[in-house]
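Note sheet for the following structure.
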Protein chains: 2
Amino acid sequence: MTENQIEESSTRYNTIIKIAQKFFMEHGYQAVSTRQIADACEITQPALYHHFKGKKELYLEVIRRTLNTTENDINNILSENLEVEKRLHKFSKYMFSNFQEDITKMFHDIYHIFDADTQKIIYGWWAKGFLDPVVKIVEDGIKQGELKNLSLIDAQPIEIGFLILNTIKGSLEPKLLKNLNEADKEFFIERKSKLIVNVLLSGIGK
Amino acid sequence: MTENQIEESSTRYNTIIKIAQKFFMEHGYQAVSTRQIADACEITQPALYHHFKGKKELYLEVIRRTLNTTENDINNILSENLEVEKRLHKFSKYMFSNFQEDITKMFHDIYHIFDADTQKIIYGWWAKGFLDPVVKIVEDGIKQGELKNLSLIDAQPIEIGFLILNTIKGSLEPKLLKNLNEADKEFFIERKSKLIVNVLLSGIGK
DNA sequence: TTCGCAACTTATCACTTGATAAGTTAAATA
DNA sequence: TATTTAACTTATCAAGTGATAAGTTGCGAA
């Protein structure tokens, strides 16, 4: 075990990140204080600084873990060789179920907090976890003849990947979902995902 | 002139709102201090409190004006009786040109700052300015036979309005646009809007 | 048994925050 | 001309903020 691995398997260290993740994702970086996080962890505020260099570094680790977890989940979802429609539907449902907080806000914070180099690193994680899998779906879909030849609409697979991601991202409604019970939530997500995929594939025009 | 109208036409009052708008839209409510706004207005921080009861009230007025301006602009854009495709294209271009900051963040702030009643009032402004016009486009499009009968995809016009709005909203890329010159910006917006409308109307499926 | 060190705590720092109180000034009104 | 008042300013507040220094504790290795 390396020093880093010991640290990462420590219970307290993980608790801090889990709780910090909850707070940061719900309220954003600025609105969360180190004291709030520490209180929720039932430790004193300076104790945080034993595990993390500062608030920024804690936030960065939260982001890293979030994106890393997502990458694994999405790759599992997409490992089955399904048709495009089913893959997109699964992906949409995953996003609705797991990103009940605006990730747009997260990227806004990243832009204003971290320097350009760190931003690039984070963008790399995001691309690997989110964008690449969706672009893969699009590319596979074209190969299988399930999707249009994109040159017809003067677009690149990566552009369509972005568009799909943005459409789903823009449709997430964390506040609405929070007030539903599990059954209603499931129903809402199923219906919404179906609609989004339907429009993405067939459009609303005649 | 009522007392309110005098206040609203005052130069200083308007300057404060304009500058506050710029700051709030770029950084979000929490990240902007009353001192930053005051400094940019070249007045002292307590002078703000002569014009506004508090930071919250200033922010609320910024939101009201932003949504009100948008409502007027959009109604002008959509007053021409064009076909659905051209209307959506115009609308998309307007959004890209005028909302160079994430409006998602604005709604996040609203949710965490204001009480439920105030939130409802703001939602009313938003619905009137953004949602209603888009729903009108959809309804007109169905009447004119340019769009599918929505019962085919088990959807309501308002749902499709949301989806269109969210797709465009999610695709806004303020950071990217900021680094482009006017010509490149125009080109980017034109191209992106065309792609979005194309996918919304025809989809990417075969 | 002693030592070392991880994992804390208490106390405190400099700084920023939104907000208020009290005094000033210049222009409109009576 | 006297008075009022809008539009400020200076001074100051309490409540927070992220961060550091220095001391404590308890456990595992030597």
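Order of the sequence lines sets the chain letters (A, B, ...), proteins ahead of strands, with each chain counted from 1.
When ring centroids are compared, F99(A) and F130(A) come within the 6.0 Å threshold. You'll find the ring centres of Y123(B) and F107(B) outside the 6.0 Å limit.
A cation-pi arrangement, defined by a distance under 6.0 Å to the six-membered ring centre and an angle within 45 degrees of its axis, is present between K175(A) and Y111(B).
In this model, the phosphate group of dC8(C) is approached by a side-chain N or O of H51(A) to a distance below 4.0 Å at OP1 or OP2. Contact between the side-chain N/O atoms of T44(A) and the OP1/OP2 oxygens of dC8(C) is not found at any separation under 4.0 Å. Put simply, R12(B) has no side-chain N or O that comes within less than 4.0 Å of OP1 or OP2 on dA7(D). In this structure, H50(B) does not reach the dC8(D) phosphate: none of its side-chain N or O atoms is under 4.0 Å from OP1 or OP2. Phosphate proximity of dG18(C) to R35(B): absent, as no side-chain N or O sits under 4.0 Å from OP1 or OP2. The shortest distance between the side-chain N/O atoms of S33(B) and the OP1/OP2 oxygens of dT17(C) is below 4.0 Å.
Between K105(B) and E26(B) no salt bridge is recorded (no basic side-chain N to carboxylate O distance below 4.0 Å).
Within residues 23-31 of chain A, no residue has a heavy atom under 4.0 Å from DNA chain C.
Note on residues 39-53 of chain A: no pairs pass salt bridge (charged side-chain N to carboxylate O under 4.0 Å, His left out), not counting sequence neighbours.
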